[in-house]
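Reviewing the structure listed below.
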Amino acid sequence: MASPADRPEVDIRAEASRPFFTSEVWTPRGLITYYTLFVMDLRSRRVHVAGSTPDAGFMAQAARRLTDAVEGFLARHRVLICDRDSKWTDGFRRIVHGAGVRLVLTPIQAPNANAHAERFVRSIRAACLNCLMFFGERGLLRALDEFVAHYHGERNRQGPGNELITLETRPLWGALRG
């Protein structure tokens, strides 16, 4: 594993005004709100969905997956920018800090401090989540995977210089249940 000093100074941003965006999913128990956590590499605008669950208490598991030395999204980064929401638990902060990633908190009620992440949420809501009705978790995870693949490889003007992001992504819906 590369030491924190060897990592490039690339900021990663988790959604500021809402660290999770929510989606409504029909399940056998009725309509359930799912919380989706994502992080974004600010240099490339690459998005990684860390997980989606009806339980906002999955933060420790998300932190372990994000900081995994081999496949973790934060393994190549030294800074994580997040808001002051209570969903960023002490366990999450300890795991991220233990991996050598410094947490930087945005100012209170300052969505412009996180404009790229806010724009991503606006895009995924308008083009995907608000247009579909999900029946079960698998449908939501599949839609998230498809939108992130579209966002990286087909949607223009997303990366710096109006370039496509085009980085390979792994499916979320298979990774969570596998």
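Here, residue 1 is the first one in the sequence, and each next residue gets the next number.
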Discussion item. Test of understanding: with side-chain hydrogen bond (donor to acceptor under 3.5 Å, both in side chains), list the residues that count as partners of T33, not counting sequence neighbours.
Written reply: E24
Worksheet entry | Positive for side-chain hydrogen bond (donor to acceptor under 3.5 Å, both in side chains) with D41, one of R76, H77, R46, H48 | H77
Worksheet entry | 4.5 Å side-chain heavy-atom contact, Q61 and T53 | no
Practice prompt. Can you sort out the partners of E146 under salt bridge (Lys or Arg N to Asp or Glu O under 4.0 Å), two or more places apart, ordered by chain and number?
Written response: R142
Worksheet entry | Chi angles and distances behind the side-chain contact (heavy atoms from CB on, under 4.5 Å) call for V104, L80 | CA-CA 6 Å; V104 174; L80 175 66; over 6 Å; no
Fill in: Nearest atoms (heavy-atom pairs only) where A75 meets D68
CB-O, 3.4 Å
Worksheet item: In the hydrophobic cluster built from side-chain contacts under 4.5 Å, what are the other members alongside V70?
Response: none
Practice prompt. Grab the two heavy atoms, one from M40 and one from Y151, that are nearest each other, plus how far apart they are.
Written response: CE-OH, 3.8 Å
Item to complete: For the pair H152 (side chain) and V47 (backbone), establish whether a donor and an acceptor sit closer than 3.5 Å, ignoring hydrogens and angles.
Response: yes
Worksheet entry | Side-chain (R84) to main-chain (T106) donor-acceptor, under 3.5 angstrom | yes
Worksheet item: Taking all atoms of both residues into account, what is the closest heavy-atom pair of V101 and L74, and its distance?
Response: CG2-O, 4.0 Å
Discussion item. Measuring only between side-chain heavy atoms, which start at C-beta, is T22 closer than 4.5 Å to T36?
Written reply: no
Discussion item. Could you tell me if the side chain of L66 sits less than 4.5 Å from the side chain of V39, heavy atoms only?
Written reply: yes
Practice prompt. Identify, with sequence neighbours excluded, every residue that meets side chain to side chain contact (heavy atoms under 4.5 Å, CB included) alongside R93.
Written response: W88, D90, L103, L105
Worksheet item: To the nearest 0.5 Å, how far apart are CG in D83 and CD1 in I108?
Response: 10.5 Å
Item to complete: State plainly whether one hydrophobic cluster holds both Y34 and L31, where clusters connect Ile, Leu, Val, Met, Phe, Trp and Tyr through side-chain heavy atoms under 4.5 angstrom apart.
Response: no
Worksheet item: So if you build clusters from Ile, Leu, Val, Met, Phe, Trp, Tyr with side-chain heavy-atom gaps below 4.5 Å, do L132 and L144 land together?
Response: yes
Discussion item. Membership question, hydrophobic clusters at under 4.5 Å side-chain separation (ILVMFWY): are Y35 and L37 in the same one?
Written reply: yes
Item to complete: Under the side-chain contact (heavy atoms from CB on, under 4.5 Å) rule, what do R78 and R102 come out as? Steps first, then yes or no, please.
Response: CA-CA 6 Å; R78 296 189 315 187; R102 182 171 53 101; over 6 Å; no
Item to complete: Could I get the full list of side chain to side chain contact (heavy atoms under 4.5 Å, CB included) partners for A127, not counting sequence neighbours?
Response: F147
Worksheet item: Is any side-chain heavy atom of F21 less than 4.5 Å from a side-chain heavy atom of L129?
Response: yes
Fill in: Contact summary for A143 and F134, nearest pair of heavy atoms
CB-CE2, 3.4 Å
Item to complete: First locate atom OG of S23, then atom CD1 of I124, and finally report the distance between them rounded to the nearest 0.5 Å.
Response: 7.5 Å
Response to the item:
Separation between OG (S52) and CG (L141), nearest 0.5 Å, reads 5.5 Å
Discussion item. Check whether D55 reaches the backbone of F58 with its side chain - one donor and one acceptor, N or O, closer than 3.5 Å.
Written reply: no
Worksheet entry | Plane angle bin for F120 and F38 - parallel if under 30°, tilted between 30 and 60°, otherwise perpendicular | tilted
Practice prompt. List for me each residue that meets side-chain hydrogen bond (donor to acceptor under 3.5 Å, both in side chains) alongside H97, sequence neighbours excluded, and say none if there are none.
Written response: none
